[in-house]
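Since the structure is predicted, the reported quantities are computational estimates derived from the model, not experimental observations. Letters A, B, ... mirror the listed sequences (proteins, then strands); counts begin at 1.
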Amino acid sequence: MSELLPKTYQPTEAEQAWYQAWLDAGHFHAQPSSKAPYSILMPPPNVTGILHFGHVLNHTIQDIYIRWNRLKGAETCWFPGLDHAGIATQTKVEQQLKAEGLTRYDVGREAFIERTWAWKEKYGGIILEQLRRLGDAADWERTLFTMDASASSAVQEVFIRLFDEGLIYRGKRIINWSPVAQSALSDEEVIFREVREHLYTLRYHLADGSGTLLLSTVRPETIFADVAVAVNPSDERYAHMIGKHVTVPLCGRDVPIIADDYADPTFGTGCVKITPAHDPNDFEVGQRHGLPMPSCIEADATLNAMAGEFAGLDRFAARKAVVKKLEAMELVEKIDDYTHNVGFSERGGEAVEPFLSDQWFVRMQPLAEPALKAVADGQIRFYPEHWVKTYEHWMTNVRDWCISRQLWWGHRIPVYYAADGRLTAARSADEARAKLGLPADAVLTQDSDVLDTWFSSWLWPMTTMGWAGEPVAAMPPASKALFDYYVPTNLLVTGPDIIFFWVARMIMATLKFGERIPFRDVYFTSIIRDGKGRKLSKSLGNSPDPLDVMDKYGADAVRFTMTYLSPLGMDVRLDVDEATQDVPSMEIGRNFANKLWNAARFLQMKRDELVPEGTPAYDGDPAVLLSTADRWIRSRFASTVTSATQALDAYRITEYAKILYDFVWRDYCDWYVEVVKVQLANRDDATYRRWLLDQAFEVFEGALTLLHPVMPFISDDLWHRIYGADTSQTVGMRGLPNGLDHHVDPVVEQRFDLLQSVVESIRRQRNEMMIPPSERLPIVISAESALAAFIEEQRDVLVSFGRASELTVGTALAKPDGSVADVVRGVEVFLVVAGKVDFEKERQRLTKELERLRGQIVGIEKKLGNAGFVSGAKPEVVEGERRKLADWTATAEKLARNLESLQ
RNA sequence: GGGCAGUUAGCUCAGCUGGUUCAGAGCAUCUGCCUUACAAGCAGAGGGUCGGGGGUUCAAAUCCCUCACUGCCCACCA
């Protein structure tokens with residue numbers, strides 16, 4: 001009746017078909033309802049983004065929680081989106097233009113933006129398609145682009161409000177400048193790297209001709225903008241010079257010698273040149289002393305007219321040229337090798353230039369305070385928790401956020417300048433005129449800069465709900481309902497690298513504008529590294545395309561393997577074969593999927609073969625039919641539900657994966673299915689067989705259900721194949737198995753454990769004696785009467801698993817002639833091997849085992865002889881040790897006896 | 001300079017509130033099996049003084065101190 005399953009699982013087709021079926025059935029779309037809400041905000045991938053393994057891990061985790069909570073009956077919604085990614089996208093289009101021999105200035109701002117939109121439509125958002133291949137159960141109907149009208153409106157409103165409240169201000173400051181992007185960067189977009197350069201010690205002559213001052217610098221090309229030389233006020237060497245002037249070489253200007261604590265007497269000569277426009281520390285010195293702040297370096301990092309003959313040279317070329325000239329003038333005292341940290345653009349990799357310019361800033365401190373509290377109070381929880389410290393450190397030392405970017409692609413700053421120099425933030429020029437009290441025909445110019453991309457990202461918890469920047473109470477009813485139902489969201493899954501960029505700022509913005517926390521739990525994912533511990537990156541060639549890997553192993557296999565290998569708070573190592581771009585560890589997931597597949601195949605084959613159509617269902621008391629093994633698997637399954645739930649509740653996803661892996665593979669397949677084979681073979685009764693298989697199927701269905709969050713495709717595929725549900729249904733919505741606690745039965749588990757030990761003992765002995773499986777041998781088992789009865793009950797299983805020709809079970813049986821012996825938990829297991837026994841080997845093994853046991857007995861006796869232990873430890877622990885001693889002693893005695901009687 | 005992780009079998013890692021599965025799993029290695037669900041498999045075996053040292057405790061892989069090494073984050077003295 002059901003179609004026979006192929007021998008191995010073929011994931012690719014099944015995965016695509018099921019994803020479409022889920023979409024068709026609308027399983028991923030959610031609306032506020034009477035059910036409990038559960039929501040996750042998808043970190044919006046860049047519009048230029050391509051799927052990599054970081055996304056795979058991140059999205060697998062999110063999908064697990066979405067599907068798990070859907071299984072639990074929540075109204076789950078996963079809000080997807082796409083980030084306009086200012087610099088990255090603009091760079092793409094500029095590259096395109098470059099191929100045509102054009103720059104963005106050639107086409108002009110408006111045409112350039114149009115072109116970027118066209119690029120976005122054509123090439124952007126490929127990654128969203130790729131995420132579907134992974135299986136993301138996201139509510140795609142709610143996909144938001146950060147430059148959609150509502151989101152753009154929100155950005156504008158927020159800017160205006162912060163401006164009006166004085167939390168956004170314009171200032172001339174030293175910022176991080178990218179000469180390549182020709183734009184400012186925030187502090188977070190700069191990474192520091194150690195660089196080996198030179199420390200030049202230069203001679204500056206005193207203006208009055210009374211001597212020379214030596215000072216050290218790594219940037220001699222900036223001397224044209226020197227405005228002072230600083231010495232430490234406590235530095236006696238220079239005390240008499242304070243107030244005098246030195247002549248700056250090459251440009252002949254005289255600048256004062258000032259006293260400032262910034263100068264470190266122990267570094268170099270103790271004198272430092274002050275160049276406020278080109279160094280953040282010098283800038284502060286300049287401010288303290290009211291010094292002028294000329295710039296000698298332009299936006300493109302070339303020197304300007306202040307540098308005289310060096311004008312037009314790039315900063316690095318200029319450095320060489322300046323040093324050469326100074327050397328010729330004998331003004332270079334010495335040049336030392338010098339290793340120090342230099343800032344580089346996180347994106348482009350070029351050295352960042354400290355650059356003095358007008359920029360827009362957000363005053364962070366007032367926003368940070370409530371955000372700090374929300375985390376300190378535990379309203380928002382971090383997993384792993386240790387990131388709280390990092391968060392608190394950053395938040396308590398938070399610096400103002402430079403939000404203006406000299407780009408074209410992005411949200412334009414809604415600030416208008418009047419001819420008289422006044423300015424304001426407004427929704428339109430008309431509104432600005434009104435705010436400034438100007439007539440309708442007054443000419444205004446809008447600020448030409450755009451906002452940092454993160455200035456839209458930090459509003460994500462609100463914009464995803466349809467918020468356009470209005471006061472929460474004034475939101476349109478549909479958005480308001482969504483917002484109130486789903487925010488705070490339940491979980492955010494992201495990398496710790498964007499804790500400042502994004503997580504912290506979302507908390508600040510949502511508290512301020514949404515009047516609530518944005519999310520309750522934050523899960524920080526692991527960093528993925530290759531076998532050598534390096535981060536995966538395209539340039540290193542160790543970053544395989546996840547799509548290729550999914551094609552080879554299946555999406556479920558990739559998801560499962562990543563989950564299995566990614567402990568909370570630790571890096572993940574993924575061995576990557578650089579030659580083939582293969583990730584061999586994906587076999588873990590693939591093999592597991594295949595195991596599941598074959599377990600299902602077995603059950604289905606047996607049902608087809610042994611249960612004729614029309615076989616009546618068993619309608620008696622199931623307790624009558626349940627064997628120890630049946631009870632055991634039910635007990636194990638009930639425990640598995642509990643422990644899997646606990647693992648996911650604590651965000652221990654690796655543990656969740658391992659629990660299910662072990663249950664399916666070890667308990668269900670290795671033991672239970674093997675017992676089912678015996679039970680089927682030994683009872684020629686169709687009703688019983690039907691009942692037994694139904695029972696086996698039921699547990700399997702439960703396992704598929706628990707696995708669905710991590711392996712959605714195969715679990716649904718098998719579920720439909722076996723249980724014949726129609727495609728509009730999914731195992732992901734049948735509910736979590738519950739009310740099974742009464743199946744947990746420690747006595748049954750203990751007994752089955754003994755059975756396993758006895759079987760393992762027989763197998764071990766057979767293996768050691770090199771007896772092939774085809775050869776059946778007599779087995780004799782001797783145990784105390786209570787256990788003997790149980791072993792007798794398990795006769796069929798023991799005969800089959802132990803490949804026995806005959807089985808004798810009794811109490812106090814003597815060791816048969818020509819047998820080898822083993823003792824497990826006081827049960828003696830004799831294998832009659834007749835001529836085949838290697839007595840020497842057997843003697844060695846028994847002796848070794850006996851020695852080990854005796855050693856342990858001595859240890860435990862010592863422990864029990866310790867008065868401190870007996871009085872100090874919990875009574876049940878002491879009792880446990882006593883029982884253990886008794887068991888071991890009995891076992892040792894039997895072992896010794898068997899060793900003696902060995903011929 | 002400040003902070004946060006980590007160090008357990010050849011490799012990758014579990015081991016959570018100290019003791020009842022306490023020294024584990026997977027991979028790799030070795031042995032035997034095409035046993036009619038699965039060789040992407042089955043059955044076995046070997047392999048670790050839990051980074052070093054000290055302390056607390058009746059009891060430490062587990063708690064505390066200290067040192068060493070590895071990785072990450074923050075800061076940026078020219």
Side-chain angles (χ1 to χ4, degrees), chain A residues 5 7-9 187 192 199-200 215-219 222 230 262-264 266-275 279-282 338 340-343 384 386-390 393-394 397 496-497 499-500 527 529 531 533 535 553 557 564-565 567 569-575 584-585 587-606 609 646-647 650 652 654-655 658 661-662 666 669-670 673-674 677 753 759-760 763-768 770-774 800-801 803 863 866-874 876-881 883-884:
Chain A
L5 301 179
K7 204 168 169 180
T8 53
Y9 175 51
D187 293 341
F192 285 91
L199 185 66
Y200 304 90
L215 54 80
S216 302
T217 178
V218 290
R219 300 205 63 190
T222 64
Y262 166 65
D264 176 359
T266 66
F267 187 91
T269 61
C271 301
V272 57
K273 73 188 194 72
I274 300 299
T275 320
D279 181 280
N281 292 303
D282 292 8
Y338 186 60
H340 68 145
N341 285 326
V342 174
H386 64 79
W387 289 109
V388 168
K389 287 199 175 178
T390 307
H393 181 260
W394 187 78
N397 298 290
D497 49 331
I499 187 166
F500 311 134
I527 292 167
R529 300 174 181 284
K535 275 190 192 177
Y553 296 96
Y564 189 85
L565 294 178
M570 296 253 300
D571 292 353
V572 188
R573 294 228 176 188
L574 265 194
D575 254 311
S585 47
E587 285 180 8
I588 297 169
R590 183 197 57 182
N591 294 356
F592 183 49
N594 193 51
K595 191 71 183 175
L596 278 170
W597 180 263
N598 274 291
R601 183 165 177 258
F602 168 79
L603 294 177
Q604 196 192 42
M605 280 169 71
K606 285 297 167 192
E609 179 192 335
Q646 285 168 350
R652 290 202 281 259
T654 297
E655 200 174 297
K658 280 191 187 3
Y661 184 91
D662 287 343
R666 306 271 84 95
C669 293
D670 288 354
V673 169
E674 294 305 317
K677 285 180 187 173
D753 205 48
V759 167
E760 278 159 2
R763 284 171 174 167
R764 186 169 52 242
Q765 293 185 72
R766 292 185 59 110
N767 249 296
E768 273 163 14
M770 308 277 277
I771 298 157
S774 52
S800 171
F801 286 22
R803 308 198 68 74
K863 205 172 185 182
N866 181 341
F869 172 71
V870 179
S871 59
K874 279 177 276 182
E876 62 265 32
V877 173
V878 178
E879 188 43 45
E881 294 295 315
R883 215 176 314 120
K884 201 152 65 178

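- B/G48 and B/G55 are spaced 27 Å apart, taking the P atom of each and rounding to whole Å.
- Each of B/C38, B/C72, B/U20 was ranked by its minimum atom distance to the side chain of A/Arg601; first place goes to B/C38.
- For A/Tyr564, the ring-ring contact (aromatic ring centres under 6.0 Å, His included) criterion is met by A/Phe560, A/Tyr661, not counting sequence neighbours.
- Taking atom CG of A/Asp497 as the reference point, atom P of B/A5 lies 18 Å away to the nearest angstrom.
- Shown here for A/Ala557 and A/Gly589, the closest heavy-atom pair between the two residues is CB-C, 3.5 Å.
- A/Ala263 comes within 4.0 angstrom of a nucleotide base, judged by non-hydrogen atoms across all strands.
- Nucleotides B/C4 and B/C67 are separated by 14 Å at their P atoms, to the nearest Å.
- One N or O on the side chain of A/Arg766 and one on the backbone of A/Pro772 form a donor-acceptor pair closer than 3.5 Å.
- With both ends at atom C1', the span from B/A37 to B/C42 equals 12 Å, rounded to whole Å.
- Taken to the nearest 0.5 Å, the CD atom of A/Glu879 stands 10.5 Å off from the CD atom of A/Glu881.
- Side-chain contact between A/Arg763 and A/Phe801: present, with at least one pair of heavy atoms (C-beta onward) separated by less than 4.5 Å.
- A distance of about 15 Å separates the P atoms of B/C27 and B/A45, rounded to the whole Å.
- Nucleotides B/G18 and B/U62 have their P atoms positioned 11 Å apart, rounded to a whole Å.
- Between A/Asn591 and B/G41 there is a side-chain polar atom (N or O) within less than 4.0 angstrom of OP1 or OP2.
- Here the CD atom belonging to A/Glu760 is positioned 7.5 Å from the CZ atom belonging to A/Arg764, to the nearest 0.5 angstrom.
- Expressed to the nearest 0.5 Å, how far CD1 of A/Ile588 lies from OH of A/Tyr553 amounts to 10.5 Å.
- Here B/A37 is the nucleotide among B/A37, B/G19, B/C74 with the atom lying nearest to any side-chain atom of A/Cys669.
- Nearest to the side chain of A/Arg763, among B/G19, B/G44, B/C72, sits B/G44.
- Residue-level contact check: A/Arg764 touches the backbone only, with heavy atoms under 4.0 Å from sugar-phosphate atoms and none from bases.
- Residue A/His386 contributes atom NE2, which lies 10 Å from atom C1' of B/G6 at whole-angstrom precision.
- Rounded to a whole Å, the CG atom of A/Asp282 is 13 Å from the C1' atom of B/C76.
- With values rounded to the nearest 0.5 angstrom, A/Ser800 atom OG is found 7.5 Å from A/Glu674 atom CD.
- When heavy atoms are screened at a 4.0 angstrom cut-off, A/Tyr200 is found touching no nucleic acid atom at all.
- Taking 4.5 Å as the limit, some side-chain heavy atom of A/Thr222 sits within range of a side-chain heavy atom of A/Lys273.
- The separation between A/Ile588 atom CD1 and B/A14 atom C1' is 13 Å, rounded to whole Å.
- When rounded to the nearest whole Å, the span between CD1 of A/Ile771 and P of B/U31 equals 19 Å.
- A/Val673 comes within 4.0 angstrom of a base, heavy atoms only.
- Using a 4.0 Å heavy-atom cutoff across all strands shown, A/Asp279 reaches no nucleic acid atom at all.
- Within the structure, every side-chain polar atom (N or O) of A/Tyr564 is placed at least 4.0 Å from both OP1 and OP2 of B/A14.
- B/C11 and B/U49: their P atoms are spaced 13 Å apart (whole Å).
- Comparing A/Val877 and A/Thr269 by the nucleotide of RNA chain B whose heavy atom lies nearest to each, the residue mapping closer to the 5' end is A/Val877.
- Among B/C74, B/C77, B/G44, the nucleotide with an atom closest to any side-chain atom of A/Tyr262 is B/C77.
- Position along RNA chain B of the nearest nucleotide to A/Glu768 versus A/Asp662 favours A/Asp662 as the more 5'-ward residue.
- Set against B/A37, B/C76, B/A40, the side chain of A/Asn281 has B/C76 as its closest nucleotide.
- In this model, no side-chain donor or acceptor of A/Arg573 finds a partner on the base of B/C13 within 3.5 Å.
- Atom CG of A/Asp264 is separated from atom C1' of B/A78 by 9 Å (rounded to the nearest Å).
- One distance of note links CG of A/Leu215 with OG1 of A/Thr269; it measures 6.0 Å at 0.5 Å rounding.
- For A/Lys595, counting side-chain heavy atoms from C-beta on, the closest listed nucleotide (B/A5, B/A78, B/G41) is B/G41.
- Remark: the A/Glu881 side chain and the B/A59 base include no donor-acceptor N/O pair separated by less than 3.5 Å.
- Between the side chain of A/Asn341 and the base of B/C76 there is at least one donor-acceptor pair of N/O atoms closer than 3.5 Å.
- Listed pair A/His340 / B/A78 meets the phosphate criterion, a side-chain N or O lying under 4.0 Å from OP1 or OP2.
- Between A/Lys7 and B/A37 there is no side-chain N or O to OP1 or OP2 distance below 4.0 Å.
- Taking only side-chain atoms of A/Ser216, from C-beta outward, the nucleotide of B/C33, B/A78, B/A75 with the closest atom is B/A78.
- The residue A/Gln646 sits apart from the nucleic acid: no heavy atom pair falls under 4.0 Å.
- Taking side-chain N and O atoms only, A/Arg766 has no distance below 4.0 Å to OP1 or OP2 of B/U35.
- A/Met770 has its CE atom 14 Å from the C1' atom of B/A43, to the nearest Å.
- When each of B/A40, B/A78, B/C58 is scored by its nearest atom to the side-chain atoms of A/Asn866, the top-ranked nucleotide is B/C58.
- Set against B/G44, B/A37, B/C38, the side chain of A/Asn767 has B/G44 as its closest nucleotide.
- Taking atom P in both B/A60 and B/G54, the straight-line distance is 14 Å, to the nearest Å.
- Taking 90° from 0 as the syn/anti boundary, the base of B/U36 is oriented anti.
- No contact: A/Gly589 has no heavy atom under 4.0 Å from any strand.
- Looking only at distances, no side-chain donor or acceptor of A/Asn594 sits under 3.5 Å from a matching main-chain atom of A/Arg590.
- A/Ile499 has its side chain out of reach of A/Trp394: every pair of non-hydrogen atoms, C-beta onward, lies at least 4.5 Å apart.
- Of the candidate nucleotides B/G71, B/G44, B/C16, B/G71 has the atom nearest to the side chain of A/Arg529.
- The interatomic distance linking A/Asn594 (CG) with B/C42 (C1') rounds to 14 Å, in whole Å.
- Counting any heavy atom pair closer than 4.0 Å across all strands shown, A/Glu760 reaches sugar-phosphate atoms only and no base atom.
- Below the 3.5 angstrom threshold, one finds a donor paired with an acceptor across the side chain of A/Lys677 and the base of B/A37.
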_In dot-bracket form, 5' to 3', how is RNA chain B paired? Count Watson-Crick and G-U wobble pairs only if both distances fall under 3.5 Å, and write | where the partner sits on another strand._
(((((((..((((.....[....)))).(((((.......))))).....(((((..]....))))))))))))....
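- B/A14 sits 32 Å from B/C58 when the P atoms are compared, rounded to a whole Å.
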